[in-house]
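Beneath this line is the structure, given in structure tokens, with notes to follow.
Order of appearance sets the numbers: ligands from 1, and atoms from 1 within every ligand.
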Amino acid sequence: MTTIAIIYFSGYGHTKLVAEAVKEGAESVDGVEVRFHTAEEAKDAIESFGDVDGIIFGSPTYMGSVGAPMEAFFDASSKPWFAQAWKDKLAGGFTNSGSPSGDKVLTLQRMAVLAAQQGMLWVSTGLQNETASPDYDGPLEQGINRLGGYLGPMAQSENKEPSPSNPPQGDIKTARLYGERFAKAAKRWGSGTL
Ligand SMILES: Cc1cc2nc3c(=O)[nH]c(=O)nc-3n(C[C@H](O)[C@H](O)[C@H](O)COP(=O)(O)O)c2cc1C
């Protein structure tokens, strides 16, 4: 069995919808199980991730980076860092914010640096921006990777209640496809030989 942890923070529920889509995608791959935790829960159980094959971090972009509970979780990960407990695991991340850009890429970069400090291997989206194709004639907000996040999936939510269209379905599809890609990569990496 391949095991993936999804560790997310969501202040108002929008990023949680993205996290659930990543989970759904990962669980669509046979032989993969997902542990789904908030950053707050995960911080209190920081020693329990030594046996997972990969960790996906998820956070809204708050003031141009991850939200404080995710940063607190990252600080707590200095314990596994000392033991090199996450070394050679796969890592990935996703974010969501209010503006189309909103400096989301800095959030993903923050996560990728943490992963690098831990000696982890980062999984990109591998998804082209569907709406950039001259053949795409659907609604922009339904396009896969419409925000062009290659380091990790990006989503954009209006400052209204989370709903099936907030964040939009294109961003949810993107998150689902990322979960699937990450799970396939973890399965392949876990069964690989040195
Ligand atoms: C403290 C705070 C800081 C924020 N900073 C940014 C930002 O830097 N860029 C941006 O585009 N949106 C920003 N936003 C908007 C949130 O990213 C957006 O509302 C997001 O959907 C919240 O996700 P959540 O419901 O999972 O908390 C900020 C919101 C809050 C509350």
### Query
Hey, is CH2 on W81 packed in by over 12 heavy atoms from elsewhere, all under 6.0 Å?
no
### Summary
Lining ligand 1 at under 4.0 Å, by non-hydrogen atom distance, are residues S10, G11, Y12, G13, H14, T15, P60, T61, Y62, M63, G64, N96, S97, G98, S99, G102, S157
### Query
What are the two closest non-hydrogen atoms of Y178 and G92, and how far apart are they?
OH-CA, 3.1 Å
### Task
Sequence neighbours left out, what pairs pass ring pair (Phe, Tyr, Trp, His ring centres under 6.0 Å) with at least one residue falling in residues 14-36?
Y8-F36
#### Entry: Members sharing I144's hydrophobic cluster (side chains within less than 4.5 Å)
L127, L177
#### Entry: Inter- and intrachain pairs under salt bridge (charged side-chain N to carboxylate O under 4.0 Å, His left out), touching residues 130-150, at least two apart
R146-D171
### Query
At what distance, to the nearest 0.5 angstrom, does CD1 of I7 lie from CZ of F49?
4.0 Å
